[in-house]
Peer 1: 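Sharing a structure here in structure tokens format.
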Amino acid sequence: MDNTLGIAVWASAKRIFWGYFISIVIGTVIGLTIVRFKILDENVSALILGLQTLPSICWLPFAILWYGLNESAIIFVIAIGSAFAVAIAIESGIKNVSPLFLRAAKTMGAYGMKAYWHVIIPASLPSVITGLKQGWSFAWRALMAGEMMSATKGLGQVLMVGRDLADISQVVAVMMVIVVLGVAVDKLIFGRVEANIRQRWGLDKA
């Protein structure tokens with residue numbers, strides 16, 4: 001494996017960073033738009049939920065036809081595979097904000113963007129973080145699907161090479177790296193953010 005694994009980790013990390021970042025932007029825009037406009041909520045929410053259930057690998061032929069067999073196709077699959085989970089999390093997080101908070105905000109003169117910034121967004125953060133974690137897991141699955149099918153380097157590609165060579169140690173090594181990276185991101189990023197929010201909201205003891 002030597003340096004091959006390091007190069008693969010770096011290539012996969014760059015792809016998932018950009019794909020996940022784009023999915024957060026797209027998911028946030030979709031989620032906020034659906035919440036803002038009732039007609040979209042009534043007509044588009046079910047479609048978003050349906051698209052979320054579509055396995056990421058189903059988007060790969062579409063991405064290859066659109067972008068060609070290149071880096072953009074994989075990043076597209078990652079972004080589209082994760083964006084709908086983020087959108088649903090933001091939509092449900094905002095919808096589930098307690099009406100008491102909203103009434104209290106109006107009583108204190110917080111309307112429009114001021115209410116969003118000081119009340120709705122903070123109150124919806126626990127649900128949003130849960131959705132971001134789910135989106136991260138979808139992004140990883142999409143990354144592996146994309147790299148197994150079309151990448152020239154990356155963890156998914158190394159995994160496929162191990163399969164082709166019947167090298168079980170290489171396959172297991174790549175699987176362990178994927179698990180370790182997933183756990184590390186969950187503990188170092190999502191776990192800390194979630195713990196900080198729960199502590200601030202009084203759900204955990206300081």
Side-chain angles (χ1 to χ4, degrees), residues 1-28 51-64 66-89 125-198:
M1 300 285 282
D2 300 328
N3 199 33
T4 302
L5 192 55
I7 294 172
V9 170
W10 177 243
S12 295
K14 284 194 295 183
R15 289 186 184 117
I16 199 167
F17 171 80
W18 285 113
Y20 186 57
F21 174 76
I22 294 170
S23 77
I24 291 175
V25 174
I26 294 174
T28 302
L51 289 171
Q52 189 201 359
T53 61
L54 192 64
S56 303
I57 198 168
C58 295
W59 288 100
L60 195 59
F62 177 85
I64 292 174
W66 197 353
Y67 290 102
L69 201 59
N70 54 37
E71 195 81 3
S72 299
I74 300 176
I75 292 176
F76 172 83
V77 172
I78 298 170
I80 206 73
S82 172
F84 299 120
V86 176
I88 290 173
L125 275 180
S127 297
V128 171
I129 294 299
T130 301
L132 291 177
K133 289 174 67 175
Q134 189 178 25
W136 173 254
S137 67
F138 282 134
W140 258 111
R141 294 171 193 173
L143 172 68
M144 289 300 107
E147 289 185 345
M148 284 181 183
M149 298 294 290
S150 63
T152 56
K153 58 184 177 181
L155 288 171
Q157 185 266 342
V158 176
L159 196 64
M160 294 303 286
V161 170
R163 184 207 62 177
D164 294 340
L165 297 175
D167 188 346
I168 189 67
S169 61
Q170 179 169 324
V171 171
V172 172
V174 174
M175 291 171 64
M176 290 177 66
V177 169
I178 293 171
V179 172
V180 169
L181 289 176
V183 172
V185 170
D186 184 63
K187 293 294 182 187
L188 297 177
I189 299 177
F190 292 115
R192 290 186 177 183
V193 172
E194 198 169 26
N196 184 272
I197 290 174
R198 288 182 62 83

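Just so it is clear, the model here is predicted, and its values are computed rather than measured.
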Peer 1: Indicate yes or no: at least one non-hydrogen side-chain atom of V177 is less than 4.5 angstrom from one of V158.
Peer 2: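 They are not in contact (no side-chain heavy atoms under 4.5 Å apart), so the answer is no.
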
Peer 1: Sequence neighbours left out, cut at 3.5 Å: what donor-acceptor pairs do the side chains of residues 51-59 make with other protein atoms?
Peer 2:
residue : atom : partner : partner atom : Å
T53     : OG1  : G50     : O            : 2.6

Peer 1: Can you name the closest pair of heavy atoms from G162 and Q170 and give their distance?
Peer 2: N-NE2, 3.4 Å

Peer 1: Please round to the nearest 0.5 Å and tell me the distance separating atom OG1 of T4 and atom CD of Q157.
Peer 2: 9.0 Å

Peer 1: Counting only heavy atoms not in F21, do more than 12 sit closer than 6.0 Å to its CZ atom?
Peer 2: no

Peer 1: Mind jotting down which residue pairs meet the salt bridge (charged side-chain N to carboxylate O under 4.0 Å, His left out) criterion with at least one end in residues 155-165? Sequence neighbours excluded, please.
Peer 2: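 Passing the test, one end in residues 155-165: no pairs.
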
Peer 1: How close do S23 and S82 get, heavy atom to heavy atom, and via which atoms?
Peer 2: OG-OG, 3.1 Å

Peer 1: Of all residues at least two apart in sequence or in a different chain, which pass the salt bridge (Lys or Arg N to Asp or Glu O under 4.0 Å) check with D167?
Peer 2: none

Peer 1: Looking only at heavy atoms, which two atoms of A139 and I78 are closest? And how far apart?
Peer 2: CB-CG2, 3.8 Å

Peer 1: Nearest 0.5 angstrom please: F190 CZ to T130 OG1, how far?
Peer 2: 10.5 Å

Peer 1: Pairs in or reaching into residues 177-193: which pass salt bridge (charged side-chain N to carboxylate O under 4.0 Å, His left out), with residues at least two apart or in two chains?
Peer 2: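 Of all non-adjacent pairs touching residues 177-193, those that pass salt bridge (charged side-chain N to carboxylate O under 4.0 Å, His left out) are K133-D186.
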
Peer 1: Report the distance from atom CE of M148 to atom CG of L60, rounding to the nearest 0.5 Å.
Peer 2: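 Reported value, rounded in 0.5 Å steps: 12.0 Å.
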
Peer 1: Determine yes or no for a side-chain-to-main-chain donor-acceptor pair under 3.5 angstrom, with S12 supplying the side chain and A8 the backbone.
Peer 2: yes

Peer 1: If you measure from CE on M144 to CG on L159, what distance do you get to the nearest 0.5 Å?
Peer 2: 8.0 Å

Peer 1: In chain order, what residues pass the ring pair (Phe, Tyr, Trp, His ring centres under 6.0 Å) check against Y20, with sequence neighbours excluded?
Peer 2: W136

Peer 1: Minimum heavy-atom separation for E147 and G156, please, with both atom names.
Peer 2: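 Closest approach of E147 to G156, heavy atoms only: OE1-N, 2.8 Å.
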
Peer 1: Using every non-hydrogen atom in the two residues, find where L132 and I24 come nearest and quote the distance to one decimal.
Peer 2: CD2-CG1, 4.1 Å

Peer 1: Does any non-hydrogen side-chain atom of L5 lie less than 4.5 Å from one of L155?
Peer 2: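 L155 vs L5: side chains touch.
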
Peer 1: Would a 4.5 Å heavy-atom cut-off, applied to side chains only, mark W140 and L181 as touching?
Peer 2: yes

Peer 1: List the atom pairs, donor and acceptor, that lie under 3.5 Å between side-chain atoms in residues 66-77 and the rest of the protein, sequence neighbours left out.
Peer 2:
residue : atom : partner : partner atom : Å
N70     : OD1  : S72     : N            : 3.1
N70     : OD1  : A73     : N            : 3.3
N70     : ND2  : Y67     : O            : 2.7
E71     : OE1  : R15     : NE           : 3.3
E71     : OE1  : R15     : NH2          : 3.2
E71     : OE2  : R15     : NE           : 2.8

